[in-house]
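Working notes, beginning with the structure itself.
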Amino acid sequence: MNEILGIILAAIISWFNFVLIDTWMGLPESPGVKGAEIIGRSIQKRGGNLAGGFFQGNIVCSPDASAGTLLASIACFTIGTPEGGLIAAVLVYFGNRLCADPGYAGTTGALSITAIIYLTSFIGFKPEFFIVGMVLAILTIQGLYQTGASRLLGKLAQKMGRYTKIS
Amino acid sequence: MIIHANVFSYFIALAAALILSLVLRLPLLPDKPMRNSWTISAVFPTAVLSVGFYAMAYELGYHGYLVALITGIITALFAKFILEKVVPRPEGEESHE
Amino acid sequence: MLIEILGIIVIIMALRTLLAQNREERLLCLNVIGFSMSAIIGLYIQTPFGAIIAITFFVTSTLSSNAIAYSLGRVKEEIMVK
Amino acid sequence: MYLDFINLTTVSAALTLIGAVGIIALAKPLDKVIMFALLQGGFIGMIVAAKYLDVAMAAAIFDPISILILLIGIIKINEVRKKNQESQEEGNLA
């Protein structure tokens with residue numbers, strides 16, 4: 001498979017993977033730690049959405065499904081396809097508990113991306129496509145245009161019924 | 001599609017951890033608002049931990065069904081007695097200063 | 001090819017961290033650097049210990065940005081000595 | 001081609017240089033701490049590029065401890081300065 005096309009497809013797949021799992025696990029609902037609330041208020045002051053700001057703050061302050069996706073891809077690339085993802089899930093769980101978070105989102109993301117890598121390896125995807133694709137996906141949320149990304153995340157949270165109750 | 005012989009070892013580890021943790025009176029599922037409860041239950045994290053620990057033992061060179069069984073038993077005991085002390089739940093905002 | 005893409009992302013994000021307007025934007029850009037540096041480490045060291053180092057580096061960098069974000073709320077306005 | 005020039009060594013060196021410029025140029029203490037975290041990422045990248053993996057592991061574990069000690073110092077000294085300012089204003093009023 002062509003390398004550039006594979007990277008772009010992997011970026012789209014991992015974007016949907018971690019955004020859907022994070023929203024379903026209730027990241028936009030409430031700030032888990034105190035630092036996430038400050039980042040959300042700052043995003044709102046600059047013209048963004050509060051729920052999307054909480055989402056971005058929670059990603060900064062503890063390893064969530066985004067970290068699970070990236071680390072499981074790295075471990076699948078270096079260790080081997082089914083075993084690496086399972087080892088990464090255990091290590092992400094302990095890292096989550098160190099950062100004062102229950103740890104559901106991280107392990108779910110790691111296990112689901114392991115299944116996706118195993119299934120798409122039959123049609124020619126390699127795990128390194130998913131590593132670069134995950135970095136591109138996190139760049140579109142945290143790096144390029146933060147207030148627009150927070151508005152998009154807020155709209156998605158409203159559609160999935162996980163909108164924040166704090167005003 | 002080829003089913004690895006290794007898959008049965010993962011199932012043995014998972015089943016051993018689940019059954020022993022139910023015998024040890026851990027609850028099957030976490031409390032009801034499931035995405036922000038802190039209770040240690042049988043499905044999460046004991047099953048995930050058992051599969052992950054067996055993957056570690058497999059990578060270190062120990063194969064076989066007996067290794068899977070021992071890994072499951074050790075994981076259930078670990079989750080029941082030691083895990084609460086290794087990763088304690090935070091009391092308030094002051095705990096992660 | 002893979003490492004070059006990630007390297008360009010890292011340098012652009014570092015320049016943006018240096019030139020950002022306020023402090024929370026800096027913190028978000030720092031998070032992207034943590035992601036892509038651990039990806040480069042995993043791609044460069046292709047052994048199982050490389051994966052362990054990448055996971056450790058990512059978790060500790062998240063821990064430090066957690067502490068920074070907590071103390072951003074604690075220190076409202078900084079008093080500096082002239 | 002210029003694309004050959006980008007590898008782990010040059011990227012980490014650039015990251016360390018940008019972090020050093022940020023520590024010198026920015027004024028407030030918390031900005032300095034953020035740029036210091038950036039410098040540590042570049043530092044670990046340089047160690048990994050030379051394949052000293054055990055040193056990289058130790059450096060990655062000890063990084064947040066140093067940042068925590070710096071942050072505790074900044075919080076304490078800020079409280080002391082605030083209290084000092086208030087007492088000075090009271091003295092001026094009296």
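Here is how names work: the chains are called A, B, and so on, in the same order as the sequence lines, proteins then strands, and each is numbered from 1.
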Rounded distance (nearest 0.5 Å) linking atom OH of Y70(C) with atom CG of L68(D):
11.5 Å

Supply the atom-to-atom distance L71(D) CG to I68(C) CD1, rounded to the nearest 0.5 angstrom.
6.0 Å

Counting C-beta onward and ignoring hydrogens, is there a side-chain heavy-atom pair between M37(C) and L15(D) closer than 4.5 Å?
yes

Report yes if the side chains of D63(D) and S61(C) come closer than 4.5 Å at any heavy-atom pair, otherwise no.
no

Taking side chain as everything from C-beta outward and backbone as N, CA, C, O, which of these in S66(D) sits under 4.5 Å from a heavy atom of chain C? Side chain, backbone, both or neither.
neither

Best-contacting candidate, V11(D), I6(D), L30(D), against chain C by heavy atom pairs under 4.5 angstrom:
L30(D)

Taking heavy atoms only and a threshold strictly under 4.5 Å, list by residue number the residues of residues 2-9 of chain C that touch chain D; give 'none' if the list is empty.
E4(C), G7(C), I8(C)

Nearest heavy-atom approach of Y44(C) to V48(D) is CE2-O, 3.9 Å

Non-hydrogen atoms of chain C under 4.5 Å away: do they reach the side chain of I44(D), the backbone, both or neither?
side chain

Under 4.5 Å to a heavy atom of chain D? For I33(C) that would be side chain

Is the closest side-chain heavy-atom distance between F57(C) and M57(D) below 4.5 Å?
no

Leading residue by heavy atom contact count with chain C [cutoff under 4.5 Å; candidates P29(D), G45(D), A37(D)]:
P29(D)

Name of the residue among I65(D), I34(D), I67(D) meeting side chain to side chain contact (heavy atoms under 4.5 Å, CB included) with S64(C)
I67(D)

Residues T60(C) and I61(D): closest non-hydrogen pair is CG2-CA, 4.4 Å

4.5 Å side-chain heavy-atom contact, R26(C) and L26(D):
yes

How far does CD1 of I75(D) sit from OG of S71(C), to the nearest 0.5 angstrom?
5.0 Å

Tell me if the CZ atom of F49(C) is crowded by more than 12 foreign heavy atoms within 6.0 Å.
yes

In the structure I gave you, are the side-chain heavy atoms of L18(C) and I18(D) within less than 4.5 Å of one another anywhere?
yes

